[in-house]
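Throughout, a chain's letter reflects where its sequence line sits, starting with A, and its residues are numbered from 1.
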Amino acid sequence: MIAKQTPLTKQMLSKLLQTSSSKPKHLKKIHALVLTSGLSVKNSLLTQLLENLILVGDMCHARKVFDEMHKPRVFLWNTLFKGYVKNKLPFESVTLYKKMRDLDVRPDEFTYPFVVKAVSQLGVCLSGFAFHAHVVKHGFETLGIVVTELVMMYMKFGELRSAQCLFESMQGKDLVAWNAFIAVCVQTGNSGLALECYHKMCADAAVEFDSFTVVSMLSACGQLGSLEIGKEIYDRARKEGIDCNVIVENARLDMYVKCGSTEDARVLFEEMEQRNVVSWSTMIVGYAMNGDSDEALALFSRMQNEGLRPNYVTFLGVLSACSHAGLVDEGKRYFSIMARSSDKNLEPRKEHYACMVDLLGRSGLLEEAYEFIKKMPVEPDAGIWGALLGACVVHRDVKLGQKVADLLVETAPDIGAYQVLLSNIYAAAGKWDCVDRLRSKMRKLGTKKVAAYSSVEFDGKLHYFNRGDKSHQQTKAIYEKLEEVLKKIRNMGYVPQTGSVFHDVETEEKESSLSHHSEKLAIAFGLINGRGEDPIRVVKNLRTCEDCHVFAKFVSKLTSRDIIMRDKNRFHHFRNGDCSCREFW
DNA sequence: CTAGGGTTAG
């Protein structure tokens, strides 16, 4: 640094800034020097300081420097907006925008991409509409980049109609605009829409897809459980010479795993020339989800032997593998590895605590799980209480279950799933009056119920079924097949599980009947249409019920066909009358 | 001088 006696010159400052661009401490000292030097420092020098501060993420100091500037031009405002977006400080961004308008500084075409993104991060839908109005007022509503940003914002707010409208009205969409829309569809769980959009994009002669498109689409196929379509898209990408980097291959790994094909994933993983933490984590999590705890833990130790550093996602996979296999001591050991680690990134997060509660609870150690929550250094959230509640259902612990449910209603009163769980506990205990009371309470509060559905992929298309669905072309054949199978498995000893503890409230509605659950229809469809040795792959949007679980076991034995069912939480691989989940849901 | 898109977990 500079000796105190030496008078500071602008040249020296400039030099200093260039040589110490990434050291936060130096930047603060330089700023102090500037302030005490008495020099009238030009904005250009301060700009450099500002940019360096943003680079190291010190937005507080950056703002101070900005405020000292004399009539900053628009691009400097934009620089600060950029910094706020990068450092995820949307509130500051919006406040700055207000100040900008108060001072009558005119936003330019570069302002809105940052500001709209900030509003998107802020998550306040009404502000979103207001900023859209500003965009229009300043005449930027036809600027592709701004519109793309607005479209993403609306999607993230769940304003699907607005987003779609805006996107469709966009003239001359370029590659990035298409990719952005497809990506945000997948991110918001609208993979079906992403698929539609992909087809439209392919039909548009003006653009050609690239590796970004492929990644999003593989991710979409994973979400939808469409192995065939996913493979098709990847093959096409290879043919068209698209660069299949490690991110593309990771997305493919994930797609295989989410379609229940750990074998495809394993082969690919071994073939991959380049692997990163995401590749390893995807595999470990994938094995855990698919009920292959041994493979998950083996891969983790291989990772350690190779000297690779796991991250917090890797540990989520490891803990969930332990939970699935009932390995309480191992789980505790892995958890303590995290807790003891000097790596700040490996500090156990809420999700890890939830995993531990799940592990203890599933193994029947309900009291220990409850004590664990009370001793946690973090505030328990709905996910953590939910894990304990789930364990109470499995082990039929009405007393603790009620206590936990009460706490949950405080934490997350609007989540219907927890109330369904509570009603399951009551049902298991035969407390039907409590079930009735809870149900009428839910009706009064208007708790949202999600409609159940299942899907099966056949012939490159997805076939959807609701409960008691009669809209499918092959309806007659499906129901006949279902009757035939039911009759046969009854002879094998199948008894419908009508008093199931996993019975959803909604499934008890009068007009419905157990035997027409969406997953049963999907399986029947798979039996009619599936080819030879191929497993039947079913995706269910909610957790499957106990009766369908038993049903699938019998069908796998009866027909000698594998059934791979992905429900909301995990996979069930049914083979020869058994399920990979070992009754651990 | 500045601007929009991608992978694990939730």
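Contacts of I284(A) with the nucleic acid, taken as non-hydrogen atoms under 4.0 Å apart, are absent. Using a 4.0 Å heavy-atom distance criterion, D381(A) is classed as making no nucleic acid contact. The residue M152(A) sits close only to the backbone: its heavy atoms come under 4.0 Å of sugar-phosphate atoms, none of a base. Using a 4.0 Å heavy-atom distance criterion, I247(A) is classed as a base contact. K117(A) comes within 4.0 angstrom of sugar-phosphate atoms only, judged by non-hydrogen atoms across all strands, and of no base. A177(A) comes within 4.0 angstrom of a base, heavy atoms only. Looking at heavy-atom distances under 4.0 Å, T282(A) makes contact with sugar-phosphate atoms alone, never a base. Within the nucleic acid shown, V248(A) comes within 4.0 Å of at least one base atom, counting heavy atoms only. If you check every strand for non-hydrogen atoms under 4.0 Å, K258(A) touches sugar and phosphate atoms only. Backbone-only engagement by V285(A) is indicated by non-hydrogen atom pairs under 4.0 Å involving sugar-phosphate atoms exclusively. At a threshold of 4.0 angstrom between heavy atoms, the contacts of D254(A) are confined to the sugar-phosphate backbone, with no base atom among them. F114(A) comes within contact range of the sugar-phosphate backbone alone, with a heavy-atom separation under 4.0 Å but no base atom that close. Among the heavy atoms of the strands lying under 4.0 Å from L143(A) is at least one base atom, whether or not backbone atoms are also near. When heavy atoms are screened at a 4.0 angstrom cut-off, T111(A) is found touching no nucleic acid atom at all.
For the atom pair SG of C355(A) and CZ of R349(A), the computed distance is 13.0 Å after rounding to the nearest 0.5 Å. To the nearest 0.5 angstrom, L299(A) atom CG is 10.5 Å from R266(A) atom CZ.
Between H134(A) and Y112(A), the ring center distance fails the sub-6.0 Å criterion.
Ring planes of F300(A) and F315(A): perpendicular class, angle over 60° (limits at 30 and 60°).
A close approach under 4.0 Å does occur between a side-chain nitrogen or oxygen of K82(A) and OP1 or OP2 of dA3(B). Of the side-chain N and O atoms in Q187(A), one or more sit less than 4.0 angstrom from OP1 or OP2 of dG6(B).
Atom CG of L308(A) is separated from atom P of dT8(B) by 20 Å (rounded to the nearest Å). In this structure, K86(A) places its NZ atom 15 Å from P of dT2(B), rounding to the nearest Å. Residue I242(A) contributes atom CD1, which lies 16 Å from atom C1' of dT7(B) at whole-angstrom precision. To the nearest angstrom, P of dT2(B) lies 10 Å from CD of E109(A). Rounded to an integer number of Å, the gap from CD1 of I384(A) to P of dA9(B) is 19 Å. What separates CE of M283(A) from C1' of dT8(B) is a distance of 12 Å, to the nearest Å. Look at CG on D108(A): it is 11 Å from C1' on dC1(B), rounded to the nearest Å. One interatomic measurement links the two molecules: CG of L319(A) to P of dT8(B), which rounds to 19 Å at whole-angstrom precision.
Residue-environment remark: CD (E306(A)) exceeds the threshold of 12 foreign heavy atoms within 6.0 Å. The environment of CD in E168(A) is crowded: more than 12 heavy-atom neighbours from other residues, nucleotides or ligands sit within 6.0 Å.
Remark: the N250(A) side chain and the N276(A) side chain contain an N/O donor-acceptor pair separated by less than 3.5 Å.
For V313(A), the listed nucleotide lying nearest its side chain is dA9(B); candidates were dG6(B), dA9(B), dG4(B). Candidate nucleotides dA9(B), dT7(B), dG4(B) were compared by shortest atom distance to the side chain of N250(A), and dT7(B) ranks first.
Put simply, F110(A) does not rest on the base of dA3(B): the two rings are not both less than 5.5 Å apart at their centres and under 30° in tilt.
At a cut-off of 3.5 angstrom, counting only N and O atoms as typed in the model, there is no donor on one side facing an acceptor on the other between the side-chain of D210(A) and the base of dG6(B). S216(A) contributes no side-chain N or O that forms a donor-acceptor pair with the base of dG6(B) under 3.5 Å.
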